[in-house]
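Okay, structure first, notes after.
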Amino acid sequence: MSMAKKVSGSGRSKPGRWRLWIQFGFLLAWLDPLLLRMHSLCSPVFHCYSCPLATFACPIGILANFGAVHMIPYVALGTLFIVGALVGSTICGWVCPFGLVQDLLAKIPTPKWQIPSWMGYFRYVVLLGLVGIIPYLYGEGHALFFCRLCPAGALEAAIPNTAGLAIAGKTIVWPSAVKLTILVAFLGAALFTWRPWCTVFCPLGAIYGLFNSVSLFFVRYDPEECNDCDRCRKLCRYRGPDERRGTTQRCIRCMDCMQCNALGVGTIFSKKKTKDAEQLKVL
Amino acid sequence: MRLQLFNRLLMPVLLVTGGVAFVVFGAKFHVAQVFEKKEVTETIKIPAPFSPSGGLSGTSPWGGGMSSGGTMPGNDADDEEPAFTTQKVTRTIYVPKNELEPMLIRQLTVGGVRLIRDSDAEDIALDSGKLLQTYSGDAPALCPT
C-alpha cells in the first residue's frame with residue numbers, strides 16, 4: 001500500500017496558462033496576415049483553405065480531394081507524419097483555430113457535460129468513411145464528401161464568402177443548409193461541453209491521436225508521484241486519461257492535468273529518476 | 001535504459017524521416033497528367049459542287065454543230081482555279097499537361113480538377129481514370145463545396 005502523497009498544484013499549470021495566447025498567435029498565422037495565399041502548402045491544422053483569409057491548405061481537404069481523384073497526397077501525408085511524430089495531438093490543444101473557437105465558447109458560463117469516452121472512436125469512422133472511402137468511391141460530388149459537411153469550412157469559408165458576395169453586390173451563393181446545420185449544432189454543443197467536434201468527430205484529431213504514443217514530445221506520467229487521487233481525471237475535460245491512464249488518442253495535450261505533480265511535460269530525452277524505469281508511462 | 005531510449009527514439013525518427021521524404025517527393029517529383037479541354041477552330045476549304053455549263057463539247061452526233069467562231073465550252077476553265085468554299089469547323093481537343101502535386105493541391109482546392117469516372121466517359125472523349133481540368137481560362141476562386 002503506497003503512502004499517501006501530497007496532492008500538489010493549484011490553478012492552471014505553467015504551460016497551460018499560456019495556451020490561449022499561443023492559440024491566438026497561431027491564429028494570426030493561419031489567417032494570412034500577409035495575404036500570401038500559399039494554398040500549395042499544407043498546414044497541420046483543421047482550417048478550410050477556402051476561407052478568404054486562409055494561408056495554407058487544409059490537410060483533411062487535401063486527403064479527401066486527392067482520394068476523390070485516386071491519387072496519394074504525399075505532401076499532406078509527409079506533413080502529418082512530421083508534425084505527428086514531433087508533437088502528436090499538441091497541435092489540437094495549442095494550435096488548431098477551430099479548437100480555439102470551441103475553447104472560447106466553452107468559457108461562456110453554461111452547464112457543462114462530459115462526452116462519454118467511447119464516442120471518441122467515432123472520429124475514426126469519420127476519417128475512414130467521409131475522408132477516405134466515400135471520396136474514393138464516389139468523388140467530390142457526393143453529399144457525404146467531407147468538405148460538404150465540414151463545420152470549419154462553413155464557419156471560415158462559406159459564411160464569410162457569402163457575406164463578401166452580399167457586400168460586393170454580386171449574386172449570393174448560399175451555403176448548403178446541411179453544412180450550416182452541422183455548424184450550428186457543433187457551436188451550440190460547444191456551449192455545453194468541451195470541444196465536441198474535437199472529441200467526437202474530428203478526423204485530423206483522430207490522425208494525431210495515433211501519433212501520441214510515439215511522438216518525441218508527450219505528457220509524462222510518473223507513478224512514483226501518483227497517489228491515485230484521480231485529480232487528473234477530474235481536471236481533464238477531454239477524457240484524455242482513462243482508468244488505465246494509458247489511453248493516448250483522445251488527449252489533446254492541453255496540459256490542464258499537469259496541475260498534479262504526477263504529470264508533466266516530457267520528451268524522450270528528459271531524464272526522470274524513478275525506482276523502476278519501466279513504470280514510466282506516457283500519455 | 002539506453003536500449004529503451006533507442007527503442008523510444010526509433011519510431012519518431014523513422015516517421016520524421018519518412019515524412020520529409022514524402023514532402024520532398026511530393027513537392028519535386030510527384031507529377032500527374034491533367035487534360036485541359038480546348039476548342040480549336042479550323043478553316044477548311046471545300047470544293048464547290050460540280051455544276052456543268054454549256055452542254056457537251058464538240059459537234060453533235062446528229063450533225064448539229066457549234067456555230068462558227070464559237071469556242072468549245074470548258075476551254076476557259078482550264079485557265080482558272082477550281083472554285084472552293086471555306087468553312088469554319090470547331091473541334092474539341094484535350095491537351096495533356098503535367099502538374100506537380102503542389103499545383104494540384106491548389107487546383108483541387110477550387111474544384112479545378114476532377115477524375116473522369118465510368119459514368120462520365122460517354123459524354124467526354126476521355127478514358128475513365130484520367131484527370132480533367134474543369135475550367136478554361138481563369139481558375140475559379142471559391143471551393144465548390
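Order of the sequence lines sets the chain letters (A, B, ...), proteins ahead of strands, with each chain counted from 1.
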* **B:Leu15 side, atom CG; A:Leu86 side, atom CG - distance, nearest 0.5 Å** =>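 Rounded to the nearest 0.5 Å, the CG-CG separation comes out at 9.5 Å.
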
* To the nearest 0.5 Å, how far apart are CE in B:Met11 and OG in A:Ser215? ->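 Separation between the atoms: 12.0 Å.
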
* Is the CZ atom of A:Phe26 crowded by more than 12 outside heavy atoms at less than 6.0 Å? ->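 Incorrect, the count does not exceed 12.
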
* To do: Might you confirm whether atom NZ of B:Lys97 has over 12 heavy atoms from other residues, nucleotides or ligands at distances under 6.0 Å?
  =>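 Result for NZ/B:Lys97: enclosed.
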
* Please flag which part of A:Tyr138 lies under 4.5 Å from any non-hydrogen atom of chain B: side chain, backbone, both or neither. =>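 For A:Tyr138, the backbone is the part near chain B, not the side chain.
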
* To do: Output all residues satisfying side-chain contact (heavy atoms from CB on, under 4.5 Å) with B:Lys28, sequence neighbours left out; order by chain, then residue number.
  =>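 None.
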
Residues 57-82 of chain A side chain polar contacts: donor-acceptor under 3.5 Å, at least two apart:
from: A:Asn65; atom 1: ND2; to: A:Tyr49; atom 2: OH; distance (Å): 2.8
from: A:Asn65; atom 1: ND2; to: A:Gly61; atom 2: O; distance (Å): 2.8
from: A:His70; atom 1: NE2; to: A:Tyr136; atom 2: O; distance (Å): 2.8
from: A:Thr79; atom 1: OG1; to: A:Val75; atom 2: O; distance (Å): 2.8

* **Option that, when pairs with chain A are counted at under 4.5 Å, heavy atom only, ranks first among B:Arg106, B:Glu101, B:Met103** =>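 Answer, by heavy-atom pair count under 4.5 Å with chain A: B:Glu101.
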
